[in-house]
Amino acid sequence: MSEAAATPPAPLDFIREMIAADLAAGHNGGQVVTRFPPEPNGYLHIGHAKSICLNFGLAQEHAPNARCHLRFDDTNPTKEEVEYVDSIMADVKWLGFDWGEHLFYASDYFEKLYQFAEQLITKGLAYVDDQTQEEMRANRGTVTSPGTRSACADRSVEENLDLFRRMRAGEFKEGEKVLRAKIDMASKNMHLRDPALYRILHAHHHRTGDAWCIYPMYDYAHPLSDALESITHSLCTLEFEIHRPLYEWLINNIDGLPGQPYQREFARLNLTYTVMSKRKLLRLVKEDLVNGWDDPRMPTISGLRRRGITAAAIRSFCKTIGLTKFNSLTEIALLEHAIREDLNKISHRAYGVLRPIKVVLTNYPEDLVEHFEAANHPEDPAAGTRQVPLCRELYIESDDFMELPSDGFHRLKPGGEVRLKFAFCIICQDVIKDDAGNIIELRCTYDDTTRHGKKPEGRTKPKGIIHWVSARHAIDAPVRLYDRLFTVETPDADAGEDGDFTQFLNAASLEVIPNAKLEPSLKAAAPGTHWQFERVAYFYADPIDSKPGAPVFNRTVTLKDGWVKK
RNA sequence: UGCCUCAUGGUGUAAUGGUAACACAGCAGAUUCUGAAUCUGUUAUUCAAGGUUCAAAUCCUUGUGAGGCAACCA
């Protein structure tokens, strides 16, 4: 029995199968060249992570005969900004991928793209159209009826060339002229009804400045950029499937392309309880419905990062969801599982009491302070230990006490006993209330025979083990509890055609606890570190708002809670 | 009233004409100085109807449902 037989190889998705077949057939000289081509008009989100993991992952899997390019699809200067370029590069790097020398911009190809357009005109495959946008739309026909070709389609090559050059020279106003491919106005595929190739935009471009006033359309620039970079496999999402014939038309009709890429499509990621379109995310930011692109509730890479989600968790998640053409809706639980799995491994444990209730140990000396040794990680002795101070007055989680306990509740109750983790057991003797009847303090006694490590004879162990902090030593720190951004699984779909998805925003998606009681060692928590507050949740010391000695914590994800109240 | 694509447990995926499986979620138990983690067990699946075949999730036909397509956006 061989090792290989014991562990079958992971099954290939349809894209990887296709690439394996290309390689087996000896295509592309054994090279695999992919690209991740974002438009710098917004921040990357977890849907992009799926594409990044695919494209860069393919390059890693086929190394050294492979590479993945990062290319900015910056063909629309009216929407694009350098802020987005910078954030995209930072996010890709943070996710753990490297484009090496292969950083490109579609705008780098403007001159070549222009020459290819002249080639198309010369071949009689493109013409300058004078129709207005409205006329073009009207003449395009409908999905069930053919369109009508513009009278301009009959212009001579010479006239088209002259007009196109004058478009470039800036002789015309925006909307006055457009370069169109001459394909088929009766095609069932609307994208083949003489699609626009170039439009006039007297706009300042973030890289080319004012050098150009005509800009190529995505459908034109994308396949040619792929070909210019000798991309072998151009992978995009399903909505571009219908663009494929146009992609191929361009590749086949332009001479002098160094590469012959082909496009294939996969389903984009949809996640429950969030929205994923850049347009909607932009709206959340612009209308201050969240605190910027990196708000920890956002599905953006920067938001997830700031919430405390690790790159490893995102990569693992992307592996789990697979790759198909099925338009799926992935439960957020799958992501949460990937997050907990990684955080459980890397997070040191500490005590934090979010909603404190004071406990007085009536039989504990007033002036005594003891330190108990606590493990930093239960499954990793190498993580070491720390000393946690304890005195007569403590805080415990108010959830860990019930005056009228429900069935199966095995934390603290009147007359009941629990263990203070790593310390000793206590019994609740008295419940002190204020005039309004609110519990303000618990009077307890501790049992010295139950100290950590001791095993007293003939004594039943309490089922409940709770965390605690010393009232005298606790530090106060702000803790932000993040929850899902929306109250419904599919805010998009539920809002309908003309509905507003913001109506489903979760009003309780952020709760700030200004003064959580934390064990003193947490005072030194470095910004950008991951913690598990035992029995509560995973937290992340906010990298921006934390100051030396004054950390601010973001709740990344709660611990799974297996206890269901009966 | 057109064209393109898709359809496997609650969710995401695998099975490439030959025993429908894995992960998540759920449930039950073991274990535990975290009601976590870990371990064990378990519930639940091929959109429908025909056809081809010794044999169909897989191939064919017809339905049904979902998504996409008529920017000078990407």
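Below, chain A is the first sequence line, B the second, and so on; all start at residue 1. None of the values given here were measured: they were computed from a predicted structure. Computed from heavy atoms alone, side chains included, the values below leave out hydrogens, waters and symmetry copies.
Note that the CG atom of A:N189 and the CD1 atom of A:I242 stand 4.5 Å from one another [nearest 0.5 Å].
Using a 4.5 Å heavy-atom threshold, the side chains of A:R411 and A:F401 count as separate. A heavy-atom distance below 4.5 Å is not found between the side chains of A:Y198 and A:K177. Within the 4.5 Å cutoff, the side chain of A:D194 has no heavy atoms near those of the A:S150 side chain.
Nucleic acid contact for A:P378: base, since at least one base atom lies under 4.0 Å from a heavy atom of the residue. Within 4.0 Å of A:G562, counting heavy atoms only, lie sugar-phosphate atoms of the nucleic acid but no base atom. Counting any heavy atom pair closer than 4.0 Å across all strands shown, A:T132 reaches a base atom. A:L329 comes within 4.0 angstrom of the backbone, heavy atoms only, and of no base. Note on A:E397: nothing from the nucleic acid sits closer than 4.0 angstrom, heavy atoms only. Nucleic acid contact for A:R451: base, since at least one base atom lies under 4.0 Å from a heavy atom of the residue.
Under the Watson-Crick or G-U wobble criterion, with both distances below 3.5 Å, B:rU8 is left unpaired in every strand shown. With a cut-off of 3.5 Å on both pairing distances, B:rA74 has no Watson-Crick or G-U wobble partner at all. With a cut-off of 3.5 Å on both pairing distances, the Watson-Crick or G-U wobble partner of B:rU62 is B:rA48. Searching all strands for a Watson-Crick or G-U wobble partner of B:rU34 with both distances below 3.5 Å returns nothing. Across all strands shown, the partner of B:rG2 is B:rC69, judged by Watson-Crick or G-U wobble contacts whose two distances both fall under 3.5 Å. In a base pair of the Watson-Crick type (N1 to N3 plus N6-O4 or O6-N4) or a G-U wobble (N1-O2 and O6-N3), with each distance short of 3.5 Å, B:rU13 is matched with B:rA21. With both pairing distances under 3.5 Å, B:rU40 is matched to B:rA28 as a Watson-Crick or G-U wobble pair.
Considering only side-chain atoms of A:H452, the nucleotide from B:rC33, B:rA14, B:rC73 that sits closest is B:rC33. Minimum atom distance to the side chain of A:F326 is reached by B:rC6, of the listed B:rC6, B:rU34, B:rC72. Residue A:H410 has its side chain nearest to B:rG35 when only B:rU13, B:rG2, B:rG35 are considered. Considering only the side chain of A:E39, B:rA74 comes nearest among B:rC72, B:rA74, B:rG35. Considering only side-chain atoms of A:E534, the nucleotide from B:rU34, B:rG35, B:rU5 that sits closest is B:rU34. The side chain of A:K461 lies closest to B:rC33 when the candidates are B:rC72, B:rC33, B:rA74. Of the candidates B:rU13, B:rA36, B:rU34, B:rU13 carries the atom nearest the A:S328 side chain, counting heavy atoms from C-beta on.
Atom OH in A:Y538 sits about 11 Å away from atom P in B:rA36, given to the nearest Å. Nucleotide B:rA74 holds its P atom 15 Å from the CZ atom of A:R35, rounded to whole Å. When rounded to the nearest whole Å, the span between NZ of A:K319 and P of B:rA14 equals 15 Å. Rounded to a whole Å, the OH atom of A:Y220 is 14 Å from the P atom of B:rA74. Remark: P of B:rU13 and CG of A:L54 are 13 Å apart, rounded to the nearest angstrom. Atoms CG (A:L420) and P (B:rC33) sit 15 Å apart, rounded to a whole Å. As a whole-Å value, the separation of A:Y273 OH from B:rG10 C1' is 12 Å. Per the geometry, CG belonging to A:L559 stands 7 Å off C1' belonging to B:rU34, to the nearest Å.
Remark: A:K278 is not in phosphate contact with B:rC73, judged by side-chain N or O atoms under 4.0 Å from OP1 or OP2. The phosphate of B:rU34 (OP1 or OP2) has no side-chain N or O of A:R349 nearer than 4.0 angstrom. Look at A:T320 and you won't find any side-chain N or O under 4.0 angstrom from OP1 or OP2 of B:rA23. Contact annotation: A:K421 does not reach the phosphate of B:rG35 (side-chain N/O to OP1 or OP2, under 4.0 Å). Checking the phosphate oxygens (OP1, OP2) of B:rG12, no side-chain nitrogen or oxygen of A:T324 falls inside 4.0 Å.
By the 30° and 60° cut-offs, the orientation of the rings of A:Y218 relative to A:F240 is tilted. Classified by interplanar angle (parallel below 30°, tilted 30° to 60°, perpendicular above 60°), the ring pair A:Y446/A:F424 is tilted. In this pair, A:F553 and A:F539 present their aromatic rings perpendicular. The plane angle is above 60°, beyond the 30 to 60° band.
B:rA28 adopts an anti glycosidic conformation, its chi angle falling more than 90° from 0.
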Q: For each nucleotide in nucleotides 62-71 of chain B, reading 5' to 3', give B when a protein heavy atom comes within less than 4.0 Å of its base, S when such contact involves only the sugar-phosphate, and - otherwise.
A: -----SBSBS

Q: Check the pair A:N76 / A:T78 against side-chain hydrogen bond (donor to acceptor under 3.5 Å, both in side chains), numbers first and verdict last.
A: CA-CA 6 Å; A:N76 185 353; A:T78 64; 2.6 Å; yes

(Q) Quick one, A:W531 with A:H348, criterion side chain to side chain contact (heavy atoms under 4.5 Å, CB included). Give me CA distance, side-chain angles, the key distance, then yes/no. (A) CA-CA 5 Å; A:W531 300 87; A:H348 281 197; 3.9 Å; yes

Q) For A:F372 and A:F422, what are the C-alpha separation, side-chain angles and deciding distance, and is it a ring-ring contact (aromatic ring centres under 6.0 Å, His included)? A) CA-CA 7 Å; A:F372 290 88; A:F422 292 129; 9.3 Å; no

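In terms of polar N and O atoms assigned as donor or acceptor, the side chain of A:R411 comes within less than 3.5 Å of the base of B:rG35 in a complementary pairing. Side-chain to base pairing of A:Q532 with B:rU34: one donor and one acceptor N or O lie within less than 3.5 Å of each other.
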For residues 39-55 of chain A, run the donor-acceptor check on the side chains, cut-off 3.5 Å, and write out each pair with its distance to 0.1 Å, sequence neighbours left out.
unit_1, atom_1, unit_2, atom_2, d
A:E39, OE1, A:N41, ND2, 2.9
A:N41, OD1, A:K278, NZ, 2.7
A:Y43, OH, A:E83, OE2, 2.8
A:H45, ND1, A:G47, N, 2.9
A:H45, NE2, A:M276, O, 2.8
A:H48, ND1, A:H45, N, 2.9
A:K50, NZ, A:A267, O, 2.7
A:S51, OG, A:N55, ND2, 3.2
A:N55, ND2, A:R35, O, 3.4
A:N55, ND2, A:S51, O, 3.0

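Test A:K413, A:R535, A:R355 against A:D400 for side chain to side chain donor-acceptor pair (under 3.5 Å) and you get one pass: A:R535. Tested against A:R386 for a side chain to side chain donor-acceptor pair (under 3.5 Å), the candidates A:H371, A:E519, A:E373 yield a single pass: A:E519.
Comparing A:K50 and A:L201, the nucleotide of RNA chain B nearest to each residue sits closer to the 5' end for A:K50. Of the residues near RNA chain B, A:L12 and A:E80, the one whose nearest nucleotide (by heavy atom distance) lies more toward the 5' end is A:L12.
When the C1' atom is compared between B:rU58 and B:rC4, the two are found 22 Å apart, to the nearest whole Å.
Looking at residues 330-348 of chain A, you'll see A:T330, A:E331, A:A333, A:L334, A:H337, A:N344 sit with a heavy atom under 4.0 Å from some atom of RNA chain B.
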